[in-house]
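Heads up: the structure comes next, in structure tokens.
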Amino acid sequence: QQQVKQSPQSLIVQKGGISIINCAYENTAFDYFPWYQQFPGKGPALLIAIRPDVSEKKEGRFTISFNKSAKQFSLHIMDSQPGDSATYFCAASMGGGDDKIIFGKGTRLHILP
Amino acid sequence: DAGITQSPRHKVTETGTPVTLRCHQTENHRYMYWYRQDPGHGLRLIHYSYGVKDTDKGEVSDGYSVSRSKTEDFLLTLESATSSQTSVYFCAISESIRATQPQHFGDGTRLSIL
């Protein structure tokens, strides 16, 4: 119940295309869903996050879509660029004083120039 | 970028030796975390701290201990390293008890145990 399942493990997209990464969870107590981006040799960095009271959040070319009834959320990268090539982690956490974040296993994204 | 420094950045050691990794922050954040990252497993929490001398176990704490004697420093110790502890270790910090506050990560320590 504490797991966050992420797919695909790896993804190759042409420059200018749309990259889509999906995540699913079981625990309905999760109330915060961040996405992290990690470049080789670096630590993960927060990219964008969403709360379950909204169905979509957009920041530039990055959009999170959230489906509360299906317990799924996804990251869309529009007009994908070679500089977007990185590993992406979805995550979930609960409020109420629990300060731990559960991470998905990651998606390695490669954008072809 | 958040002021987080991990040391060493790379280390190679032998099975059975003790190893200590250091995380130093300049942000005065209360919460500090140690994760390990392995292919196919993503990021897994080892231990975390919610204040000086206040620590708790994470998902994969066996074989690891931590200490936090100052706000800015969080140490991870492998008392007797094993090959299964070969991994990349990340330290993270966060400002608030609310998990909605983002965690900021260091650049990692690559540890190889032969």
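Below, read A as the first sequence line, B as the second, and so on, with proteins coming before strands; counting in each chain starts at 1.
- Atom CZ of B/Arg44 has more than 12 neighbouring heavy atoms from other residues, nucleotides or ligands inside a 6.0 Å radius.
- For residues 103-113 of chain A, heavy-atom neighbours of chain B at less than 4.5 Å comprise A/Phe103, A/Gly104, A/Lys105, sorted by residue number.
- With a threshold of 4.5 angstrom between heavy atoms, B/Leu43 approaches chain A through its backbone and through its side chain.
- In this structure, chain B has no heavy atom under 4.5 Å from any part of A/Gln6.
- Nearest heavy-atom pair, B/Gln103 versus A/Tyr36, reported as atom, atom and distance to 0.1 Å: N-OH, 3.2 Å.
- B/Leu114 and B/Leu78 end up in different hydrophobic clusters when Ile, Leu, Val, Met, Phe, Trp and Tyr side chains are linked at under 4.5 Å.
- A/Tyr25 and A/Ile20 end up in different hydrophobic clusters when Ile, Leu, Val, Met, Phe, Trp and Tyr side chains are linked at under 4.5 Å.
- Within 6.0 Å of CD in B/Glu14 there are 12 or fewer heavy atoms belonging to other residues, nucleotides or ligands.
- Looking at A/Pro34, neither its backbone nor its side chain comes within 4.5 Å of chain B, counting heavy atoms on both sides.
- B/Glu59 does not touch chain A: none of its heavy atoms, backbone or side chain, sits under 4.5 Å away.
- Contact count versus chain A (heavy atoms, under 4.5 Å) is highest, among B/Gly40, B/Pro39, B/Ala92, B/Gly108, for B/Gly40.
- For B/Arg9, the part lying near chain A is the side chain, with the backbone staying farther off; criterion is any non-hydrogen pair under 4.5 Å.
- In the hydrophobic cluster analysis, where Ile, Leu, Val, Met, Phe, Trp and Tyr join through side-chain heavy atoms closer than 4.5 angstrom, B/Val19 is grouped apart from B/Val12.
- Here the shortest heavy-atom pairing between A/Phe89 and B/Gly42 reads CE2-CA, 3.8 Å.
- Put simply, OH on B/Tyr35 and CD1 on A/Ile101 are 5.5 Å apart, with the number rounded to the nearest 0.5 Å.
- Within 6.0 Å of the CD atom in A/Gln9, the count of heavy atoms belonging to other residues, nucleotides or ligands does not exceed 12.
- Tracing side-chain contacts under 4.5 Å through hydrophobic residues (I, L, V, M, F, W, Y), one reaches B/Tyr48 starting from A/Leu46; they form part of the same cluster.
- No single ILVMFWY cluster, assembled from side-chain heavy atoms under 4.5 Å apart, contains both B/Ile93 and B/Leu75.
- B/Phe90 and A/Gln38 make their closest contact through CZ-NE2, 3.2 Å (heavy atoms, listed as atom of the first residue, atom of the second, distance).
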